[in-house]
Structures are given as structure tokens and as C-alpha cells.
K.L.:
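The structure's right below; bear with me while I get my questions together.
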Amino acid sequence: MSNDRKRLKVGLAAGITAFALLLTGCAGGGAGETSGASGSAAKVAAGVDTDTINYALPPNATPNWILPIGTAGKMATHNYSISQSIWSPLMTFDGSKGEMKLDLETGIADNMDYAANGKSVTFHLRDMHWSDGTAITTRDVEFWFNLIKANKETWGGYKEGRLPDNITKIDYTDDKTFTLNFDKVYNQDWMSSTQLISIRPLPHHAWAKTSDEGKVGDADRTEAGAKEIFSYLVKNSEDMASYATNPLWKTVSGPFALGAFDNAGKTTLSKNEKYDGKDAAQVTTVNLLPFTSADAEVNLLRSKGVDYGYIPTSLMDQKTQFESNGYQIDPWEGWAVTYMPYNFNNPKMGTTYKQLYVRQALQSAIDQPTISKVVWKDGANPVYGPVPQDIPSPYLSDAQKNNPYPFDIEKSKKLFADHGWKPGADGVLVCEEAGTAENQCGEGVEKGTKMEMTMMVQSGSDEADKQFAAMQSSFRDIGVAVTFDRAPLNTVLNRTAPCEADSADCDWEFSYFGAAGSWYFPAYPTGERIFATDASVNFGNYSNTGADKLMDDALVTNDPATMQKYSALLAEQLPVMWLPNPVYQVSVIRDGMVGTTQDPTANFFPQRWGWNK
């Protein structure tokens with residue numbers, strides 16, 4: 001995709017209340033113009049069921065978690081979006097209305113104010129109720145904090161020193177007001193858009209128990225009690241077959257309730273008629289449809305069984321066919337980067353991947369511009385570092401933007417040759433010079449080690465398959481053998497976890513889960529959750545003290561130069577294998593559908609979808 005098609009631009013702008021506006025949306029240009037914040041200008045065609053919307057989930061991306069506290073392997077964006085439509089967050093930062101900004105309308109808080117000294121923030125809750133009529137109060141906020149604090153090692157959003165560690169005290173002033181006190185002054189953009197958006201008032205009066213027949217009480221106020229309650233809730237969330245019938249999930253605060261959930265992952269959201277917030281559902285039913293492949297989804301799309309779906313980028317040359325059939329085409333661009341983590345703790349190859357020259361050689365053997373253009377048909381852009389670069393921003397360094405490791409097969413060969421690797425009889429490189437001298441393979445790399453790699457890759461994407469075929473060919477040219485282990489997205493995510501070398505689940509070497517982008521950032525795109533030492537989703541156990549310091553510094557300063565230094569360092573150090581960043585999807589939206597402005601963080605808001613009748 002070329003830059004003149006970009007619908008979003010980034011800039012540091014004046015604050016909204018106490019918060020900076022990070023991404024400023026603009027209408028205009030290309031396919032995205034027809035579905036702006038208000039959606040389609042066309043009237044819905046006669047015969048369309050205007051009480052219902054059928055939305056296609058990405059291939060092999062079936063919902064598998066309902067509890068609004070994500071754990072490792074259950075952090076997929078669609079899980080978050082579904083739970084958010086059932087249990088309203090305190091507030092969000094999103095771009096669903098055409099600009100990335102604080103969105104108080106979505107949530108339960110109607111106001112938040114930072115203290116003048118920056119050491120605290122005070123929230124006020126709306127006068128809202130749970131679906132059973134019980135008032136939503138600060139006790140429901142306290143319940144969430146108690147669960148998170150006692151179970152932070154299990155919470156997928158946790159990083160040591162961050163929420164809840166950085167909260168020294170919480171003052172619950174009354175049923176509607178509470179104040180968070182911080183351990184120091186933070187960058188408020190980061191605090192608001194990456195930390196405070198995690199807060200989710202939960203129904204204390206219905207969930208604070210340890211068994212189905214258990215009595216609700218205040219056990220969450222002790223660490224042991226909070227652990228038992230959390231264990232009970234997690235156990236229920238693991239039982240997907242009971243989602244639609246489990247009484248736990250019937251007490252909701254969001255614009256929808258869960259209407260149905262089947263074994264294939266089809267999820268039906270039913271309008272919550274008791275919802276009394278500011279963001280009510282526009283239709284009575286939203287069906288979220290799972291697919292095992294993009295082909296299956298396109299077949300249903302062609303028969304008009306989908307109102308809001310997608311096509312692979314390979315079908316972009318058939319755009320006019322879909323348009324003539326009553327649909328609009330709107331690429332959904334993401335505030336994201338795409339990458340494949342190295343498992344630095346893999347017992348067989350981890351020490352090899354720890355050698356920077358190895359990572360440089362492999363990165364130089366990937367022709368990102370050509371793959372983006374030919375394989376993704378301009379539906380992806382190259383990625384050279386940790387900061388989203390499809391959309392201009394003040395956080396992007398020149399080093400990342402200018403690509404420190406352009407495609408250069410001869411350079412890759414030379415890097416291996418200069419460090420003691422020679423082709424074997426089968427053409428695959430073998431370490432012949434073990435040791436730590438400049439002309440040797442490096443610390444921990446044993447003589448006889450072969451450059452044979454196994455990549456775990458999500459299935460269901462024709463473009464991803466072609467991308468990896470192209471990479472396999474280039475790697476073969478430099479003497480690196482690659483085999484693939486393909487699996488559905490959820491399986492890949494479940495198997496991709498930080499691990500120790502002696503654990504049975506540490507056998508993976510690379511993991512690709514990026515057919516729709518690997519990591520979508522909040523408005524402030526720091527990488528402390530994915531690249532900081534010991535971070536919960538630092539899958540490959542990357543560790544760099546300089547990067548850790550820059551990520552820490554970026555949380556307490558508003559100077560974008562710190563983020564630029566971080567961007568440059570990780571572009572050069574290659575903590576992961578950078579790969580082309582696809583659009584989240586090329587959306588195909590039925591004429592007459594409104595409210596479809598696509599959030600660049602890949603979150604979706606089904607309550608805003610409706611019809612122009």
C-alpha cells in the first residue's frame with residue numbers, strides 16, 4: 001500500500017482534558033473514503049435483515065476466552081473486543097470514531113483527572129447498573145484490582161513494576177469516586193493509553209465466590225481469597241462449551257450479552273436491553289463468524305452471507321466485482337508491527353540465535369519490499385524496527401525508517417563465512433570454527449551445529465504461505481535450511497510462550513502469528529510488554545539492558561527523542577525477525593452499513609454497527 005492511501009496521520013497535538021491526542025484521523029482518499037466515521041452513505045438494500053449483522057472473524061482465529069482478564073495465549077484482539085462489548089471497561093483509547101483518542105463514551109467512567117503534581121488520577125463512575133439491576137460501584141473496581149494484584153503473574157498484561165506494582169494506594173472516596181496514587185510521576189500518555197485502559201469493573205456481587213454454590217463475600221480482600229476466586233473464574237472461562245449457559249456470564253454491564261457460543265467458535269452477541277451507558281447497541285444481534293480459511297469466508301461473502309467481511313489481498317484485482325455486488329472495499333490499516341520472535345532459550349539453536357551476526361545475516365536475506373509488493377499485492381509494508389512505521393509518527397527513528405539491513409544475499413553469506421561457517425555436503429552451513437574470536441561462531445555455538453531452522457507458522461493465509469516460501473528460497477541461497485510447522489492461530493499462540501531451556505515446551509524456535517499483524521500497540525507504542533527483559537509476552541526471552549533503560553525512560557518523559565533512540569537500537573539489534581506488516585484486513589462491507597470506522601489498534605466495537613435505512 002502506498003503512503004498516499006493512508007487514512008491516518010500521527011502527531012502530537014493538544015491534549016483532550018488531561019490527555020494528549022496521539023493519533024489524529026483524517027478522512028480521505030482511496031478506498032477508505034466511503035466508510036468514514038459515519039459509515040456508508042448508501043441506503044441498505046431491500047431484503048437485508050436490519051436487526052442483524054454478520055461479521056467475519058479472521059481465518060483460524062476463533063474466540064477462546066471470555067473472562068475479561070486475559071492470560072497467556074488468550075490475549076487475541078477478538079477475545080478482548082468480545083469481552084469489552086459484554087463487560088464495559090472503565091474507559092478506552094481507540095480510533096473507532098476516526099481519531100485515536102480517549103473514549104470515555106465506551107466506558108463506565110465519565111470523568112478522570114490527573115493531579116497537578118502528576119502523582120495521582122481520580123475517576124468518577126457513571127450512574128450505571130449491571131444487567132440484574134445492581135448498581136456499578138467502586139467495589140467492582142476494587143474487586144478487579146484485588147484479583148489482579150493477587151494473580152499478577154498469571155495476568156497476561158502484567159510486567160514487573162507496571163500495573164498494579166506502580167499503584168501505591170487506592171482511595172475509594174465513595175461508591176462513584178476513587179483515586180489511584182502512583183509511585184512516581186509518569187508520562188500521562190503512556191499511563192492512560194497502556195495502563196489505565198486495563199481496568200475493568202467486574203460484578204463483585206456475582207463473581208466473588210469460589211464455587212457455583214459458594215456464597216459471595218469479601219474474600220477477595222485477602223491474597224489467598226483473591227487467588228481462590230480467580231482460579232474459579234479461570235476454570236469457568238476454560239469451559240467454552242458452557243459459555244452460553246453459565247450463569248456467571250449472564251451478569252453483564254456492556255451493550256451486549258452473550259446470546260450463543262458453539263463448538264466452532266461462532267459467537268452471537270444479543271443486545272443488552274438493560275444497558276444504561278452511553279454506547280448502546282444499534283442492532284439486536286451480531287453474529288461473529290469463525291472460518292478455517294480465507295477461501296471459506298470469501299465463498300460465504302460472495303453469497304452475501306456476510307455483512308462485514310474481508311478478502312485476501314490476492315483478490316484486490318477483483319475489487320470491482322465485490323463493489324458491483326453491493327459492497328465497499330476498505331483496507332483496515334493497523335498501528336502495528338509484524339515480526340517473528342527467535343526463541344533464545346531453545347536448547348538446540350538458542351545460543352546460535354543469540355549471535356547478532358546470525359540475526360543480521362538472516363534479516364539481510366529477507367526481501368521485504370518485494371514480498372510486500374508481489375506476495376501481499378501492496379497490502380503490506382516492510383517493517384524494520386519496533387515502532388509502527390506505516391503511519392508517520394514522532395517516535396520513528398531515521399535508523400529504523402532507512403532499514404539498517406536491506407536485502408543483500410552476498411552480505412548474508414559473508415557474515416556466516418567470516419564467523420567460521422562452511423557449507424556441508426548438502427549445502428547447509430555448518431559451524432567449523434567454534435569459539436568466541438571474531439572469526440569464530442560465537443559463545444555457546446558448538447562445532448558441527450547446522451543452520452537448520454524450524455518455523456512455527458499460522459495456517460489459513462495464502463499470502464503467509466507464499467511469503468514463507470519466498471523466505472525459504474532466499475535462506476536456501478545462503479545455506480540455511482528451513483522447515484515449517486503450520487497450525488491454526490490459537491495453537492500457535494498457545495505454544496508460543498517464554499520458557500526455560502530445560503522445559504518440555506521450549507522446543508519451538510520461531511513463531512509467526514502475523515498474517516494480520518503481530519502486535520497492535522496502544523496509542524503510545526512502547527515495547528515494554530514484548531521486548532523488556534522478563535516481560536510476560538516477550539516470547540523469545542530477549543534481553544538488552546540498554547533497551548530496558550530506554551523503555552523505562554520512555555515511560556517518564558514526554559520527549560520523543562527517547563522513543564527514537566529505542567527505535568534505532570532495536571532496529572539494529574534485531575530482537576526478532578522483522579517481517580512485512582499486512583493490513584489487519586481488506587474489509588468488504590455491505591452497502592448501507594454504518595459505524596464501521598476501523599480502529600487501527602484492531603479493536604472492534606459491534607455496538608456501533610448499524611444500517612442506514
Side-chain angles (χ1 to χ4, degrees), residues 62-76 78-90 107-108 128-151 154-157 198-222 224-263 265-277 281 286 288 606:
T62 54
N64 64 350
W65 196 250
I66 192 169
L67 182 67
I69 298 176
T71 61
K74 305 294 170 46
M75 302 285 286
H78 51 271
N79 285 335
Y80 180 82
S81 295
I82 292 169
S83 75
Q84 180 178 265
S85 71
I86 299 174
W87 293 281
S88 294
L90 195 65
I108 291 173
M128 289 177 62
H129 298 79
W130 298 102
S131 51
D132 60 11
T134 303
I136 298 174
T137 70
T138 51
R139 183 65 178 97
D140 300 313
V141 175
E142 182 196 352
F143 181 50
W144 182 88
F145 267 108
N146 290 341
L147 293 184
I148 290 297
K149 189 172 182 179
N151 300 280
T154 307
W155 177 35
S198 302
I199 302 173
R200 191 77 65 91
L202 302 178
H204 168 265
H205 69 287
W207 289 9
K209 57 185 183 179
T210 57
S211 67
D212 293 346
E213 297 76 25
K215 184 178 179 181
V216 171
D218 291 329
D220 60 296
R221 284 175 168 161
T222 68
K227 284 183 178 296
E228 288 186 47
I229 292 169
F230 187 68
S231 178
Y232 167 69
L233 295 174
V234 166
K235 180 181 178 182
N236 278 272
S237 194
E238 289 172 341
D239 183 12
M240 290 189 288
S242 71
Y243 278 5
T245 56
N246 192 328
L248 276 176
W249 315 132
K250 300 293 185 184
T251 304
V252 305
S253 60
F256 287 103
L258 187 64
F261 188 94
D262 68 18
N263 292 334
K266 178 183 176 181
T267 305
T268 297
L269 300 175
S270 300
K271 183 175 183 177
N272 174 14
E273 301 293 349
K274 302 291 182 61
Y275 175 77
D276 53 3
V286 171
L288 306 175

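None of the values given here were measured: they were computed from a predicted structure.
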K.L.:
Under 4.5 Å between any side-chain heavy atoms of Pro255 and Ser88, yes or no?
P.N.:
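Yes. Closest side-chain heavy atoms under 4.5 Å.
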K.L.:
For Asn64, what residues pass the side chain to side chain donor-acceptor pair (under 3.5 Å) criterion, not counting sequence neighbours?
P.N.:
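Scan of Asn64 (side chain to side chain donor-acceptor pair (under 3.5 Å), adjacent residues dropped) gives Asn79.
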K.L.:
Checking side chain to side chain contact (heavy atoms under 4.5 Å, CB included) between Thr267 and each of Phe261, Tyr243, Phe256, which is the one that passes?
P.N.:
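The passing option is Phe261.
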K.L.:
Return the CD1 to CD1 distance between Ile108 and Ile136, rounded to the nearest 0.5 Å.
P.N.:
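Atom-to-atom, Ile108:CD1 and Ile136:CD1 are 4.0 Å apart.
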K.L.:
Can you tell me how far the OG1 atom of Thr62 sits from the NZ atom of Lys266, to the nearest 0.5 Å?
P.N.:
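One finds 14.5 Å between OG1 of Thr62 and NZ of Lys266.
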K.L.:
Applying ring pair (Phe, Tyr, Trp, His ring centres under 6.0 Å), can you list everything that pairs with Trp207, at least two apart in sequence or on another chain?
P.N.:
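Ring pair (Phe, Tyr, Trp, His ring centres under 6.0 Å) list for Trp207, sorted by chain: Trp87, Trp249.
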K.L.:
Taking side chain as C-beta onward, heavy atoms only, is Asp218 less than 4.5 Å from His204?
P.N.:
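With C-beta onward as the side chain, the pair touches.
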K.L.:
To the nearest 0.5 Å, tell me how far Lys227 NZ sits from Thr210 OG1.
P.N.:
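OG1 of Thr210 is found 15.0 Å from NZ of Lys227.
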K.L.:
Measuring from Asp140:CG to Glu142:CD, what's the distance to the nearest 0.5 Å?
P.N.:
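With rounding to 0.5 Å, CG (Asp140) is 9.5 Å from CD (Glu142).
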K.L.:
Within the 4.5 Å heavy-atom criterion, are Ser83 and Trp65 side-chain neighbours or not?
P.N.:
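No, every pair of side-chain atoms sits at 4.5 Å or beyond.
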K.L.:
Once rounded to the nearest 0.5 Å, what's the spacing between atom CG of Asn263 and atom CE of Met240?
P.N.:
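So the CG of Asn263 and the CE of Met240 are separated by 8.5 Å.
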K.L.:
Over all heavy atoms of both residues, which pair between Asn272 and Ser131 is shortest? Give the atoms and the distance, please.
P.N.:
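Smallest heavy-atom distance, with atoms named: OD1-CB, 4.2 Å.
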K.L.:
Before you tell me yes or no, could you show the steps for Trp155 and Leu147 under side-chain contact (heavy atoms from CB on, under 4.5 Å), namely the whole-Å CA-CA distance, both residues' side-chain angles and the distance that decides it to 0.1 Å?
P.N.:
CA-CA 9 Å; Trp155 177 35; Leu147 293 184; over 6 Å; no
K.L.:
Is the closest side-chain donor-acceptor distance between Asp239 and Asn246 under 3.5 Å?
P.N.:
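No, no side-chain donor-acceptor pair sits under 3.5 Å.
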K.L.:
I'd like to check Asn236 versus Asp212 (side-chain heavy atoms, cut-off strictly below 4.5 Å). Are they in contact?
P.N.:
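Touching, per the 4.5 Å side-chain cut-off.
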K.L.:
Looking at side-chain heavy atoms only, is the closest gap between Pro203 and Thr134 below 4.5 Å?
P.N.:
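When only atoms from C-beta onward are counted, Thr134 and Pro203 do not touch, as no gap falls below 4.5 Å.
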K.L.:
Can you tell if the side chain of His205 reaches within under 4.5 Å of the side chain of Thr137, non-hydrogen atoms only?
P.N.:
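Sidechains of Thr137 and His205: no contact.
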K.L.:
Looking at CG of Asp220 and CG of Asn146, how far apart are the two atoms once the value is rounded to the nearest 0.5 Å?
P.N.:
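If we round to the nearest 0.5 Å, Asp220:CG and Asn146:CG are 4.5 Å apart.
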K.L.:
Within the 4.5 Å heavy-atom criterion, are Pro63 and Leu288 side-chain neighbours or not?
P.N.:
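The answer is no; the side chains never approach within 4.5 Å.
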